[in-house]
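Written out below as structure tokens is the structure these notes cover.
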There are 4 protein chains.
Amino acid sequence: MPARRPGARTSDRATRSAARRQAILDAALDEFAVGGFAATRLDDVAKRAGVAKGTIYLYFSDKEALFQELLRSMFGPLVGALTKIPVEHLPARELAERMIAIFIREVLGTRRKDVIRLIIAEGPRFPKLAEFHYREVIGRVLPMVQALLTRAAERGEVDPRVAKFPQLLVAPGIVAIVWKSLFDRLAPLDVEAMMRVHLDLLFGPRTS
Amino acid sequence: MPARRPGARTSDRATRSAARRQAILDAALDEFAVGGFAATRLDDVAKRAGVAKGTIYLYFSDKEALFQELLRSMFGPLVGALTKIPVEHLPARELAERMIAIFIREVLGTRRKDVIRLIIAEGPRFPKLAEFHYREVIGRVLPMVQALLTRAAERGEVDPRVAKFPQLLVAPGIVAIVWKSLFDRLAPLDVEAMMRVHLDLLFGPRTS
Amino acid sequence: MPARRPGARTSDRATRSAARRQAILDAALDEFAVGGFAATRLDDVAKRAGVAKGTIYLYFSDKEALFQELLRSMFGPLVGALTKIPVEHLPARELAERMIAIFIREVLGTRRKDVIRLIIAEGPRFPKLAEFHYREVIGRVLPMVQALLTRAAERGEVDPRVAKFPQLLVAPGIVAIVWKSLFDRLAPLDVEAMMRVHLDLLFGPRTS
Amino acid sequence: MPARRPGARTSDRATRSAARRQAILDAALDEFAVGGFAATRLDDVAKRAGVAKGTIYLYFSDKEALFQELLRSMFGPLVGALTKIPVEHLPARELAERMIAIFIREVLGTRRKDVIRLIIAEGPRFPKLAEFHYREVIGRVLPMVQALLTRAAERGEVDPRVAKFPQLLVAPGIVAIVWKSLFDRLAPLDVEAMMRVHLDLLFGPRTS
DNA sequence: GATGAATGAGACTTCATTCAT
DNA sequence: GATGAATGAAGTCTCATTCAT
């Protein structure tokens with residue numbers, strides 16, 4: 001049994017450590033998504049993550065830190081991806097469709113929709129959280145949308161006043177999140193079809 | 001000092017009882033609105049209502065009953081009022097404007113917006129609650145909106161496909177609720193202006 | 001509508017008052033018998049007695065007073081009746097049979113058996129209660145039994161050492177109380193037959 | 001400093017855990033014995049056991065489980081011991097004396113007498129408890145006694161009718177339990193002497 | 001006298017957090 | 001690093017008792 005190189009061992013450790021941290025975050029999302037912050041038990045998070053309760057405290061200083069860290073970790077990458085879409089070289093409607101496709105795939109199709117619901121739910125209790133989300137997500141996505149709409153308005157593709165309310169473009173997305181989480185089992189909603197109609201309203205019916 | 005009529009006395013008691021019940025509901029709303037169901041302490045509700053802890057249990061069987069009763073009591077009257085709008089005798093845009101005015105006044109301008117946020121927040125944990133809200137509110141308001149849009153489509157006032165997604169008409173309302181609750185102090189939103197633009201998109205710009 | 005005579009009215013009031021007091025005691029027995037002192041709710045006692053909760057406090061200073069008063073009121077009359085049996089003029093076995101008949105009729109056949117169980121159950125928590133019961137019931141019945149046995153021993157009807165342990169004569173009675181209260185539905189016990197065998201053991205088989 | 005064997009370490013933990021569990025049961029018995037189920041506070045049990053309130057819940061799911069487990073744990077071993085007495089090879093009186101000696105030593109001389117009083121006290125409120133005790137204790141001990149008495153009757157050592165009521169043999173034992181718990185400080189009872197007289201009555205005076 | 005709404009101390013139970021192993 | 005037994009503050013709910021009507 002030869003001794004491993006110290007460097008490799010350290011690397012293994014770091015890998016295992018990161019994996020464990022991620023397992024805890026994954027489990028935390030599952031649990032927080034159902035019950036929100038207060039009703040979630042760290043016991044359940046630990047069980048789901050396959051670690052002992054105390055282990056959570058090796059990676060996060062307390063329950064609130066885990067919660068906030070979870071929410072943060074879910075949107076950083078996505079916003080990065082969004083901001084890399086080339087705004088300049090595409091027609092506005094095309095851009096909007098791409099953004100909506102990303103939204104459907106990366107938010108509605110994943111547990112990120114639960115994260116958004118969590119932010120809506122816990123925002124008033126954790127003002128820092130709302131503020132962070134505004135700064136990091138809303139404040140970066142809405143201006144992009146606004147730029148897109150402004151450019152479209154300049155080209156006459158869209159009512160110029162819409163550019164003052166980029167929220168209008170994303171509003172059906174919020175409704176879709178809520179509907180999927182609460183009412184989909186009672187009355188399924190065809191989100192993609194709704195989005196197509198929405199875009200037609202904004203940009204006028206597709207002509208191609 | 002004439003003896004009061006028994007009826008009057010009974011009425012007094014009933015009045016005081018109803019007032020107390022309402023005081024508890026009011027206090028409960030204030031508290032639940034901030035922290036949601038789990039994080040709210042009945043102690044605080046009692047304190048805010050000016051009653052003793054035990055008194056809450058004279059009016060509501062337990063915390064959950066108080067919560068559900070609160071949500072119910074906030075929407076029964078409003079839906080009633082909405083369904084009394086005469087759908088037939090007005091142009092669709094006029095009707096939509098009235099409904100939005102009611103929404104702004106009775107939901108966004110009151111704590112009903114918090115109730116909606118509560119339903120969004122707690123729905124997954126209380127499926128009965130989501131179901132109830134769907135049956136009593138969504139299931140009664142959306143069909144009204146749909147009828148309105150269908151009629152408008154028949155007259156050529158609106159894209160006929162919109163009638164399949166009445167959610168599109170209310171979507172900015174949901175966004176307004178979320179925005180007011182979370183981000184308004186960071187970036188105020190002119191909801192009425194946004195709504196006007198939204199209606200213009202749906203029905204075409206106002207011509208009068 | 002002639003005014004009643006004050007005396008009569010007072011008498012009516014006193015009668016009603018006594019009846020009410022008795023109704024509360026009856027209800028209290030029913031409730032205490034099942035749950036013991038601590039688990040019984042005065043609310044339930046009031047409901048069963050058909051009075052308001054506060055009314056109990058017009059007749060008894062508090063829960064414990066009601067409890068003790070209840071136990072006291074159940075044995076005074078019985079002990080009185082027992083002590084009136086003419087000890088002198090009957091054969092010992094005859095006397096014992098009469099006492100046992102009274103026991104079966106007045107204790108096992110009534111809720112007095114529950115009272116005895118209550119004393120067994122609550123004695124250690126209310127030493128005063130055990131003391132009272134010892135003084136008023138045990139201390140008056142056992143000497144009677146002892147006198148009976150002593151006389152019987154003098155006549156050679158019974159082993160002389162039995163007179164030192166009058167508990168031996170009543171022991172099957174205690175067992176009967178416990179059995180009836182706990183196990184009778186699982187395995188019914190023919191108390192009268194058991195008592196006959198018991199007397200045969202004490203006095204020798206009946207010869208008549 | 002040699003590393004402990006894993007087995008030993010595990011054993012230590014298991015030992016400590018079992019000890020703690022037993023400490024809680026011991027404390028619970030002390031407390032329940034005085035006040036019965038309802039009047040006992042788990043706070044006091046914890047204090048007496050030298051653990052924190054929450055620790056009780058690591059070992060027992062709730063107050064009732066602790067109570068029932070306590071009663072169970074007190075009689076399992078004893079009944080086992082009793083059923084191991086060789087019924088066949090001894091005269092009936094000898095056997096009865098041994099059983100009574102065990103009863104005096106293991107029940108009257110320990111807190112098991114309090115457990116029996118608890119069963120008498122709480123049986124009507126916890127029918128499951130009475131049933132369990134009947135099945136596990138009464139239903140196993142009484143048949144043994146009955147077999148003993150039947151054999152004795154066949155040999156002419158005892159009145160044959162006694163075998164139909166094995167309760168008669170144990171009745172003075174029940175009385176002794178009650179007396180010791182309630183009245184012994186007022187009037188001490190020589191249980192062993194009483195039992196000897198009782199056996200003489202059953203089997204006729206000892207001749208040896 | 002009678003009522004029953006109101007009170008609030010106190011019970012059971014949960015769960016975030018700690019720490020010896 | 002990892003564990004999970006232990007802690008105890010804090011929450012929900014009950015119920016004996018009071019008191020205005």
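Protein chains get the first letters and strands the later ones, always in sequence-line order, with residue 1 at the start of each.
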Below 4.0 angstrom from OP1 or OP2 of F:dA2, is there any side-chain N or O of A:Y59?
yes
Expressed as a whole number of angstroms, how long is the span from C:E64:CD to F:dT17:P?
9 Å
If you pin A:F37 and D:R41 to their nearest nucleotides in DNA chain E, which one's is more 5'?
D:R41
Send over the distance from C:I24 CD1 to E:dT3 P, rounded to a whole Å.
9 Å
Determine the contact category for D:S61: base if any of its heavy atoms lies under 4.0 Å from a base atom, sugar-phosphate if only primed atoms, P, OP1 or OP2 are that close, otherwise nothing.
nothing
Assuming nearest nucleotide by heavy-atom distance, tell me which of D:R20 and C:D43 is located more 5' along DNA chain F.
D:R20
Electrostatic pair C:D114-C:R111, nearest N-O below 4.0 angstrom:
no
Over how many whole Å does the gap from D:F67 atom CZ to E:dC12 atom C1' extend?
16 Å
State plainly whether the residues B:K128 and B:E64 are in salt-bridge range, i.e. N to O under 4.0 Å.
no
When you measure only distances, ignoring hydrogens and angles, does the side chain of B:K53 come within 3.5 Å of the base of E:dG10 through a donor and an acceptor?
yes
Which nucleotide, F:dA16, E:dC12, F:dA2, lies nearest any side-chain atom of D:K63?
E:dC12
Under 3.5 Å for both donor-acceptor distances, Watson-Crick or wobble: does E:dA11 have a partner, and if so which one?
F:dT12
Between C:L42 and B:T40, which has a closest nucleotide on DNA chain F that is more 5'?
B:T40
Of the listed F:dG4, E:dA2, F:dA6, the closest approach to the C:T55 side chain comes from E:dA2
Within-4.5 Å side-chain heavy-atom neighbours: A:K63 and A:F32
yes
Quickly work out the A:L66 CG to E:dC15 P distance and round it to whole Å.
16 Å
Under a 3.5 Å limit on both distances, the Watson-Crick or wobble mate of E:dA20 is F:dT3
Please state how far atom CD1 in D:I56 lies from atom P in F:dA6, giving the value in whole angstrom units.
12 Å
Closest listed nucleotide, where the reference is the side chain of A:A52 and the choices are F:dT7, E:dG8, F:dT3
F:dT3
Give the minimum heavy-atom separation between B:E122 and B:G36, together with the two atoms involved.
OE2-CA, 3.4 Å
Cation-pi check, D:R20 onto D:Y59 ring (under 6.0 Å, within 45° of axis):
no
Residue-phosphate contact under 4.0 Å: C:R16 side-chain N/O, E:dG1 OP1/OP2
no
Tell me: CG of B:D62 to P of F:dT14, nearest whole Å?
8 Å
Separation of atom CD in C:E31 from atom C1' in F:dA16, rounded to whole Å:
15 Å
Just how far, in rounded Å, is C1' of F:dT14 from OH of B:Y57?
9 Å
